[in-house]
J.: 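Here it is, the structure, as structure tokens.
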Amino acid sequence: MPAWTRSRVSLPNDRGFDRCRLDSRRPGLRVVVFGGTHGDETEGVLAANRLAGADLALMSGVLEVVPIVHEAAYFNDTRISPLDGRDLARTFPGDPAGTPTQQLAHALHTQILAGADLLIDLHTAGSYLDIPYLTGYIDDGRDKKGLGERAAKAFGADFIWRHETRAPGRTLSDMDAAIYTEAPLPGPTDAAFADRYYDGVLRVLAELGMLDRSAAPKPEKPSRRIVSGGDVDKDMQPVGRAGLFIHKVRHGEKVAKGQVLGQVIDVRGAVLEEIRSHYEGWVVVLKRRPHVKPGDQVVGVAVADTRL
Ligand SMILES: [Zn+2]
């Protein structure tokens, strides 16, 4: 059975990341798994570390795991870097002469992602957003082999979210083929979800012929396929009033066109504004924190993916 090797990619001032590599010594794909791109999302880190120590009978290609991609943020328990305030997942492809997070993105871009066939970036929704258990992939024509779609399907999450456009700066946007995961985990680490992520990665490796199918557990239930722009920085529905945002739906819930998704209330409880769905679809993103000001993005709905 192939054995893992672990090495350190060093950056100035003791920064950098560990790279774990399992080489089948047979031709095939190079698949990269990231945990901890956002430092406050722990389940992906647990799953990636479990993967990097697992006895896997890799049949082809190379599996590479960076178990904690953004160490400065992880060890500070924050989404962004305490060194420069940057969000690594908005910093690609980085800059070798830039800030610490820009240097990190550049090192990941040039030393890990360049030439890789598929990235699996293990995120969770964290404390600011509420997102159902899903895998997302970009479908803008660059992924000629359709590896992102195959991987997203194989992972086995509740939703498969197709994005027709590519948002700038994302870890994913650095790759022709990539998937990311999300799950509704606001903070207390959920070890069961780390196991789900681990199993999902094994299913992707089996789908790509890198593991025997018997090594990958069956998915818990069929996935629902949805589509939207889905850039959480700009594609969600905004509020027009300041106040407290009150959820009227849950993550993953099916909603009708015109259905009230949430309200903005004042401190006496008076309703200042209702946010209604533009579409029939499923709630894929909700702002978790209640305080809002005009223009804040609070809820996203994706529609059924009929291009199948
Ligand atoms: Zn994240």
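Note that the structure is predicted; figures quoted are calculated from it, not measured. Sequence positions, counted from 1, serve as the residue numbers for this chain. Counting convention: from 1, in listed order, for ligands and their atoms alike.
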J.: Of all N/O/S atoms in His38, which lies nearest to the Zn ion (ligand 1)?
T.: ND1
J.: With the side chain counted from C-beta on, respond yes when His70 and Glu41 share a heavy-atom pair under 4.5 Å apart, and no when they do not.
T.: no
J.: Can you tell me the angle formed at the Zn ion (ligand 1) by OE1 of Glu41 and ND1 of His123, to 10°?
T.: 90°
J.: Side chains of Thr171 and Tyr180, heavy atoms from C-beta outward: is any pair under 4.5 Å?
T.: no
J.: Hey, is there an N, O or S on Glu182 sitting under 2.8 Å from the Zn ion (ligand 1)?
T.: no
J.: So Tyr197 and Phe193, would you call those rings parallel, tilted or perpendicular, with 30° and 60° as cut-offs?
T.: perpendicular
J.: Are the charged groups of Arg50 and Asp195 less than 4.0 angstrom apart, N to O?
T.: yes
